[in-house]
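Order of listing sets the numbers, starting from 1, for every ligand and every atom in it. Any value given below was found using the heavy atoms of this structure, including those in side chains, with hydrogens, waters and symmetry copies removed.
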Amino acid sequence: MLRLSALPALSDNYIWLLADAAGQALVVDPGEAAPVEAALAHDGLRLRAILLTHHHNDHIGAAAELAARHAATVIAPHDPRIPSADRRVGGGDRVALPAPAADFEAIAVPGHTLTHIAYAGEGVLFCGDTLFSLGCGRLFEGTPAQMLASLDRLAALPDATRVCCGHEYTLANAAFALTVEPDNPALHARIAEARAQRAAGRPTVPSTLAAERAANPFLRTDAPAVAAWAAPAGTRVARFAALRAAKDTFRA
Ligand code: ZN
Ligand code: FE
C-alpha cells in the first residue's frame with residue numbers, strides 16, 4: 001500500500017510524494033528541494049526516484065540537487081531542456097520501479113508543452129500541467145487538437161483514479177467553469193468541497209477522474225451546456241479551442 005501526499009512548493013505548485021510502508025519514496029516534479037527534504041526528514045523516508053512530467057523549471061528545478069544528495073533515479077521525458085536524467089521515457093513506456101514498488105505507464109500528453117508526459121498507475125495519475133482540477137494547462141507549445149487528444153487519453157482512465165496535478169488552481173478555475181456551466185450540480189458540489197478544503201488549509205487535490213469528468217469544462221466538450229456555451233463553434237476541437245481561449249483572457 002502506497003501513501004500519497006501533496007507537498008506545497010513555490011507559490012502554488014504541488015510536489016507529489018508516494019511512499020511505501022518500508023519508507024521508500026518517490027517524488028514527482030520537485031521544483032523546490034526544501035519541502036521534499038522536510039517531508040523525508042519528518043517521516044523518516046528514503047528518496048529513491050524522481051519522476052518529471054515536463055521541462056518547466058517549477059517542475060524540475062530541484063531534481064538534480066535531490067538526485068545527487070539522495071542517489072535517486074531521475075525519470076524524464078525525451079527533451080534536451082531537461083538537462084539530466086537516468087532514464088528517458090515516452091508515450092507507452094512502462095515505468096516499473098523496484099523501490100518503492102510501483103508500476104506506471106507514461107502517457108504522451110502534448111499541449112502545455114510538446115514533450116509533456118503523464119504517469120498513470122497505482123490508482124494515481126501524475127499529470128503535471130496538463131489536467132488541473134476544473135481546468136487544464138495553457139497551450140504554450142501545442143495546438144488545441146493536441147491538448148484535447150491528450151485530455152481524452154487521461155479522461156479514459158478509471159473513475160477512481162486520483163488526479164494529482166501540478167498546481168493549486170482549483171478555485172480560480174472554478175470561477176471560469178461557472179461561466180460555462182452555471183447550472184451543473186457536480187460543479188457546484190466540487191466548488192463547495194474545494195472551498196471547505198482551502199478554508200481548512202488543505203490542498204484541493206487529488207481530485208478523482210470521475211469528479212473531473214462531471215465538473216471540469218475542459219473534459220466536457222461534448223456536454224450539451226458546454227456545446228451551447230461554445231456555439232456556433234462546430235467541432236469538438238473548435239469548442240475546446242474556444243474554451244481555452246476564453247480562459248486565457250478570463251478575469252474573475
Ligand atoms: Zn508547466
Ligand atoms: Fe507548472
Task: Electrostatic pair R3-D20, nearest N-O below 4.0 angstrom - done: no
Open item on the list: One thing to verify: whether D152 and R236 come together as a salt bridge, which I'm taking to mean a side-chain N less than 4.0 angstrom from a carboxylate O.
Closed with: yes
TODO: Return yes when at least one N/O/S atom of H59 is nearer than 2.8 Å to the Zn ion (ligand 1), and no when none is.
DONE: no
Open item on the list: Before moving on, can you tell me the angle at the Zn ion (ligand 1) between the OD2 atom of D129 and the NE2 atom of H54, to the nearest 10 degrees?
Closed with: 100°
TODO: Compute the angle centred on the Zn ion (ligand 1) spanning ND1 of H56 and NE2 of H112, and express it rounded to 10 degrees.
DONE: 80°
Open item on the list: How large, to 10°, is the angle at the Fe ion (ligand 2) when you draw lines to OD2 on D58 and to NE2 on H59?
Closed with: 90°
Open item on the list: Suppose you place the vertex at the Fe ion (ligand 2); what is the angle out to H167 NE2 and D129 OD2, to 10°?
Closed with: 110°
TODO: Check whether the side chains of T53 and D29 place a donor and an acceptor atom closer than 3.5 Å, and report yes or no.
DONE: yes
Task: Summary of ring pair (Phe, Tyr, Trp, His ring centres under 6.0 Å) pairs that have at least one residue in residues 135-154, sequence neighbours excluded - done: H56-F140, H112-F140
Open item on the list: Restricting to side-chain hydrogen bond (donor to acceptor under 3.5 Å, both in side chains), what partner residues turn up for N13, sequence neighbours left out?
Closed with: D58
